[in-house]
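Working notes, beginning with the structure itself.
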Amino acid sequence: MVTQSYKTDPLCQAVGKAVDAGIVVVSRPAIGAKTPRQHDYGGILSPANSPRVITVGATNTQQTNQRSDEYSHLLPSRGSNPG
């Protein structure tokens with residue numbers, strides 16, 4: 001979880017400088033789940049909490065209407081997706 005405001009967070013400040021320089025910054029939520037099935041709804045980490053970042057993520061609904069069987073995908077934090 002985020003422990004300080006995006007206004008004072010060093011990573012968010014660096015993101016702000018990048019945006020000011022004309023760079024579009026995209027971040028994953030970094031929800032902090034330890035396994036794909038660990039539920040952590042609403043969790044988000046820096047720099048995804050910055051309003052200057054485009055944050056993207058994914059959820060698997062298991063093709064049901066139940067929320068209890070959904071889970072957030074652990075997206076890679078670096079590199080490209082092989083395949």
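We use all heavy atoms of the structure for the numbers below, so side chains are in, but hydrogens, waters and symmetry mates are not. The first residue of the sequence shown is numbered 1, and numbering continues consecutively from there.
At least one donor-acceptor pair closer than 3.5 Å links the side chain of Thr8 to the backbone N or O of Ser5.
Across Asn49, Val53, Leu11, a single residue satisfies side-chain contact (heavy atoms from CB on, under 4.5 Å) together with Tyr6, and that is Asn49.
Across Arg52 and Val19, no two heavy atoms sit closer than the pair NH2-CG1, 3.4 Å.
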Criterion side-chain contact (heavy atoms from CB on, under 4.5 Å) on Val26 and Val56, from CA distance to verdict: CA-CA 7 Å; Val26 180; Val56 295; 4.0 Å; yes
Candidate pair Ser27 and Ile54, rule side-chain contact (heavy atoms from CB on, under 4.5 Å), full reasoning: CA-CA 6 Å; Ser27 175; Ile54 298 170; over 6 Å; no
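Screening residues 9-19 for side chain to side chain donor-acceptor pair (under 3.5 Å), with sequence neighbours left out, gives Gln4-Asp9, Asp9-Ser46.
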